[in-house]
Peer 1: 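First the structure, then my questions, so here it is.
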2 protein chains.
Amino acid sequence: MNNEPAQHLDRTFAALSDPTRRAMVERLAQGPATVSELAAPLPMSLAGAMLHLKVLEESGLVTSRKVGRVRTCRLDPQRLSLAEQWVAGRRALWERRLDRLGAFLDASKPDGEA
Amino acid sequence: MNNEPAQHLDRTFAALSDPTRRAMVERLAQGPATVSELAAPLPMSLAGAMLHLKVLEESGLVTSRKVGRVRTCRLDPQRLSLAEQWVAGRRALWERRLDRLGAFLDASKPDGEA
DNA sequence: ACAACACTTAAGTGATGACTTGACAATTAA
DNA sequence: TTAATTGTCAAGTCATCACTTAAGTGTTGT
């Protein structure tokens, strides 16, 4: 699990750091969508939206397939999960530490209980 | 839950998108550390490391208190949790949809089983 | 054939980011 | 008091990001 290139996490978190791209992810969480559908609600040109889409694809969060002249995009839950796990892992580590510390304090100074 | 300023997520994900800052978070997951301790293993100047630390603090992922001439930094698990929940939420939505779709396909075309 | 459609690419611009060096506080140790 | 430690601020530099407009590529409907 620790063997993954950090670059992937770089790109994934960077992709998620932009509100436009998070909006795209939110939309895609409801189901697949075409490039135009993703771009339509955004306050920018189609070309601008495509740049964001490119970032999402390069991060691996989104995959797409083109049939005819329409490109359909969908979310990749695995990549989402990867980012989630990194965060969860560090948080678990830190909270476990806090728990141990609490237990130690409780044990060495039982007056402080309750 | 949807009422939080998107800005916080912007900053949190942006903070996590840099390997140097993730290294700092990893270090802080083991326990509090001073500015120098955080900067020591990094291939950059102290001032450079402080800029990263500033980003982490502005995102809320890290808090710090200065006593004497030493500033001690620690992780804020709540902020970590916030980012985690955003990702988990979208992923859950999408995977729930995939499950529904799978169930539908199984029901309408039972030949495909096993 | 022709036009409308759905993208795609390229080039350019202004704003952020990730550093650097260097000067400067504030605290502690000798 | 002097000097070392620990951190902070201020410029300045170079790269990357977030767009824009404009032009171009296939695809589909008439």
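We name chains A, B, ... by the order of the sequence lines, and we start the count at 1 in each one.
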Peer 1: Do Arg90(A) and Trp86(A) form a cation-pi contact, if we require the NZ or CZ to be under 6.0 Å from the six-membered ring centre and within 45 degrees of the ring's axis?
Peer 2: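 Yes, Arg90(A) and Trp86(A) form such a contact.
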Peer 1: Ser36(A) side chain N/O closer than 4.0 Å to the phosphate oxygens (OP1, OP2) of dA6(C)?
Peer 2: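 Looking at the OP1 and OP2 atoms of dA6(C), neither is under 4.0 Å from any side-chain N or O of Ser36(A).
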Peer 1: Check whether any side-chain N or O of Lys54(A) sits under 4.0 Å from OP1 or OP2 of dT9(C), and answer yes or no.
Peer 2: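 No, because none of the side-chain N or O atoms of Lys54(A) sits under 4.0 Å from OP1 or OP2 of dT9(C).
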Peer 1: Where the side chain of Arg69(A) is concerned, which of dC19(C), dT20(D), dA6(C) is the nearest nucleotide?
Peer 2: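 Closest nucleotide to the Arg69(A) side chain: dA6(C).
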Peer 1: Among the candidates dT20(D), dT6(D), dC19(D), find the nucleotide nearest to the side-chain atoms of Val70(B).
Peer 2: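 Closest nucleotide to the Val70(B) side chain: dT6(D).
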Peer 1: Among dT21(D), dT20(C), dC19(D), which nucleotide has an atom closest to any side-chain atom of Ala47(A)?
Peer 2: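 The answer is dT21(D), which lies nearest to the side chain.
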Peer 1: Is the phosphate of dC19(C) approached by His52(B) (side-chain N or O, under 4.0 Å from OP1 or OP2)?
Peer 2: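 Yes.
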Peer 1: Looking for any heavy atom pair under 4.0 Å, which part of the strands does Gly48(B) touch: base, sugar-phosphate only, or nothing?
Peer 2: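 The answer is base, as Gly48(B) lies within the cut-off (heavy atoms under 4.0 Å) of a base atom.
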Peer 1: Can a donor-acceptor pair be found, under 3.5 Å and without considering hydrogens, that links the side chain of Gln85(B) to the backbone of Leu82(B)?
Peer 2: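 No; zero donor-acceptor contacts below 3.5 Å.
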Peer 1: Would you indicate which nucleotide in dC19(D), dT8(D), dC19(C) comes nearest to any side-chain atom of Met44(B)?
Peer 2: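 Nearest nucleotide to the side chain: dC19(C).
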Peer 1: Identify which nucleotide among dA6(C), dC19(C), dC19(D) has an atom closest to any side-chain atom of Asp18(B), counting heavy atoms from C-beta outward.
Peer 2: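 The listed nucleotide nearest to Asp18(B)'s side chain is dC19(C).
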Peer 1: Between the side chains of Ser64(A) and Arg71(A), is a donor N or O closer than 3.5 angstrom to an acceptor N or O?
Peer 2: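 Present: a donor and an acceptor within the cut-off.
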